[in-house]
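Worksheet: the structure to be examined is printed underneath.
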Amino acid sequence: MKIIHTRQELAREIAAYKAAHQSIGFIPTMGALHEGHLTLMRQARQENEAVVCSIFVNPTQFNNPDDLKRYPRQPEKDAEAVSGICDIAFIPTVEEMYPETPEETYDFGDLEKVMEGPSRPGHFQGVAMVVSRLFEMVQPDRAYFGKKDYQQVAVIKRLVALKHYPIQIVPVEIVRASDGLALSSRNALLHPDKRQKAPFIYHTLQQAKALSSTHTLDEVEAFVKAEMAGDTDFELEYFQIADAESLQPIRNFEDAEHVVGCITVWLDGVRLIDNVEFK
C-alpha cells in the first residue's frame with residue numbers, strides 16, 4: 001500500500017489506474033478507524049480492482065470548535081490498519097485539501113432542514129466541500145458509506161446528482177459491537193462505565209421497531225423519548241421517524257414505503273447517532 005500526502009502524487013497514481021482501465025473503489029474517512037470502516041474497505045476490495053481510502057479530519061464540517069479539537073486522531077495506526085486492504089491511503093493536510101478558503105455552497109433542499117441540519121448548521125455543506133474535492137481527485141467508480149450516517153448518505157447521493165459525477169454510491173449496513181452499539185470513532189471518547197450504558201440506545205430502537213407493528217407512529221416516538229428521558233445519563237437531541245428516501249417527517253407508518261427512525265443522543269459529553277429501519 002502507498003501512503004500519499006499530496007494531490008499531485010495521487011493524480012499520478014489515479015492516472016495509472018485509469019490508463020489500465022482498472023475500477024476504483026473509494027472510502028473517505030476521518031480516521032480513528034474501526035471495524036465499520038474496515039468493512040467498507042473489504043467490500044470495496046471485493047467489488048473493485050483498486051481501492052483508495054482517505055484519512056482526513058475535515059474542519060469545514062464541524063460547527064463546534066471543541067468537537068473538532070477532541071476528534072480522535074491516529075494516522076499512523078490507521079495507515080497500518082488499512083495496509084492489507086487498500087492500495088492507497090491518501091492522508092492530506094488541511095492546506096493540501098483547501099489551498100484557498102472554500103466558498104462554494106450546495107442546494108440540498110429539504111434534506112438539509114431536518115435532523116442533523118438544524119442541530120449542526122453548515123455541517124452538510126462542509127461534508128460536501130470535502131467529498132466533492134476527494135471525488136474529483138480520486139475519480140472513483142464506486143464510493144462506500146456506512147448507513148449509520150443515514151442522512152449523510154442521502155446528502156452524498158444528492159451531491160452526486162447535482163455535480164453529475166459518474167459515481168455509484170454504495171450504502172453499507174451498520175456494523176455494531178457485540179452489545180449492539182453502532183461502531184463510531186467517537187465511542188473511544190466514552191468513559192468505560194458510560195460505554196457500558198451506551199447500548200441502551202440501540203436496545204431502545206429495537207423495542208421501538210417491535211412496537212411499530214401494534215402502535216401508531218406518535219406512540220413509538222413518544223416511547224423512545226420517554227425511555228431516553230428516564231435515564232439522566234442520556235440527553236436526547238432528536239428522534240425522528242421519516243420517509244427513508246426524502247428524510248421528511250411522516251405522520252403514519254403507512255405514509256411511506258420505506259421508513260427510518262434516526263436518533264442523536266449525548267452521553268458523557270459525546271454525541272452518538274444511530275438509526276433503525278422500520279420497513
Side-chain angles (χ1 to χ4, degrees), residues 29-40 62-64 66-67 70-72 114-120 123 145-154 171-244 247 249-250 252-253 256 258-279:
T29 83
M30 292 209 300
L33 302 180
H34 50 68
E35 186 61 29
H37 296 109
L38 300 182
T39 297
L40 301 179
F62 288 83
N63 60 321
N64 182 338
D66 291 334
D67 193 21
R70 288 186 71 199
Y71 199 88
V114 294
M115 301 180 195
E116 294 291 289
S119 300
R120 304 179 72 185
H123 170 67
F145 294 85
K147 280 189 176 182
K148 179 175 70 70
D149 296 284
Y150 206 97
Q151 190 172 7
Q152 177 177 272
V153 174
V172 180
E173 295 299 327
I174 298 173
V175 179
R176 300 184 180 276
S178 59
D179 57 10
L181 180 64
L183 295 189
S184 168
S185 301
R186 297 175 189 271
N187 294 351
L189 300 174
L190 292 168
H191 189 274
D193 66 330
K194 296 297 191 289
R195 168 62 187 82
Q196 288 188 333
K197 296 195 71 172
F200 178 68
I201 301 167
Y202 173 64
H203 297 153
T204 300
L205 292 179
Q206 289 299 100
Q207 288 178 277
K209 183 171 183 176
L211 285 174
S212 68
S213 61
T214 55
H215 291 65
T216 68
L217 186 150
D218 286 345
E219 289 170 338
V220 172
E221 283 193 343
F223 165 78
V224 171
K225 291 172 182 177
E227 288 292 292
M228 289 297 152
D231 189 323
T232 56
D233 279 334
F234 294 92
E235 180 184 346
L236 179 66
E237 187 170 303
Y238 67 80
F239 175 64
Q240 180 71 66
I241 298 176
D243 181 317
L247 296 189
I250 55 177
N252 303 287
F253 286 110
H258 187 188
V259 178
V260 66
C262 296
I263 193 169
T264 291
V265 178
W266 287 88
L267 173 65
D268 195 28
V270 180
R271 192 173 188 271
L272 303 174
I273 67 173
D274 205 341
N275 61 75
V276 61
E277 294 182 75
F278 287 100
K279 63 173 187 174

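Keep in mind that what you see is a predicted model, and the values were worked out from it rather than measured.
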Heavy atoms only: give me the nearest [X]-[Y] pair and the separation to one decimal.
{"X": "Tyr238", "Y": "Arg271", "answer": "CE2-NH2, 4.2 Å"}
{"X": "Ala182", "Y": "Ile273", "answer": "CB-O, 4.4 Å"}
{"X": "Val153", "Y": "Gly146", "answer": "CG2-O, 3.6 Å"}
{"X": "Leu190", "Y": "Leu267", "answer": "CD2-O, 3.4 Å"}

Would you please name every residue forming a salt bridge (Lys or Arg N to Asp or Glu O under 4.0 Å) with [X], sequence neighbours left out?
{"X": "Asp233", "result": "Lys197"}
{"X": "Glu235", "result": "none"}
{"X": "Arg195", "result": "Asp179"}

Asn252: partners by side chain to side chain contact (heavy atoms under 4.5 Å, CB included), with sequence neighbours left out: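 By the side chain to side chain contact (heavy atoms under 4.5 Å, CB included) rule, Asn252 matches Glu254, Asp255.
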Non-neighbouring partners of Lys279 that pass side chain to side chain contact (heavy atoms under 4.5 Å, CB included), sequence neighbours left out: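 Partners of Lys279 under the side chain to side chain contact (heavy atoms under 4.5 Å, CB included) test: Val259.
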Roughly how far, to the nearest 0.5 Å, is the [atom2] atom of [Y] from the [atom1] atom of [X]?
{"X": "Lys148", "Y": "Ser184", "atom1": "NZ", "atom2": "OG", "value": "4.0 Å"}
{"X": "Ile250", "Y": "Gln240", "atom1": "CD1", "atom2": "CD", "value": "9.0 Å"}
{"X": "Glu35", "Y": "Leu33", "atom1": "CD", "atom2": "CG", "value": "11.0 Å"}
{"X": "Met115", "Y": "Gln152", "atom1": "CE", "atom2": "CD", "value": "14.0 Å"}
{"X": "Ile201", "Y": "Phe239", "atom1": "CD1", "atom2": "CZ", "value": "12.0 Å"}
{"X": "Ile174", "Y": "Leu181", "atom1": "CD1", "atom2": "CG", "value": "10.5 Å"}

Without swapping roles, check the side chain of [X] against the backbone of [Y] for a donor-acceptor pair under 3.5 Å.
{"X": "Ser212", "Y": "Phe278", "value": "no"}
{"X": "Asn275", "Y": "Val260", "value": "no"}
{"X": "Ser185", "Y": "Gly31", "value": "yes"}
{"X": "Ser119", "Y": "Glu116", "value": "no"}

Quiz: residues 218-229 side-chain donor-acceptor pairs under 3.5 angstrom, not counting sequence neighbours:
{"unit_1": "Glu219", "atom_1": "OE1", "unit_2": "Thr216", "atom_2": "N", "d": "2.9"}
{"unit_1": "Glu219", "atom_1": "OE1", "unit_2": "Thr216", "atom_2": "OG1", "d": "3.4"}
{"unit_1": "Glu221", "atom_1": "OE2", "unit_2": "Ile241", "atom_2": "N", "d": "3.1"}

Phe234 and Phe200 aromatic ring geometry - parallel, tilted or perpendicular at 30°/60° bounds: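 Tilted, since the angle between the ring planes falls between 30° and 60°.
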Residues Glu237, Arg120: salt bridge by 4.0 Å N-O rule: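 Salt bridge: no.
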Passing candidate, salt bridge (Lys or Arg N to Asp or Glu O under 4.0 Å) with Arg186, options Asp67, Asp274, Asp268: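 When salt bridge (Lys or Arg N to Asp or Glu O under 4.0 Å) is applied between Arg186 and each of Asp67, Asp274, Asp268, only Asp67 qualifies.
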Any Leu272 side-chain heavy atom under 4.5 Å of Asn187 side chain: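 Yes, their side chains come closer than 4.5 Å.
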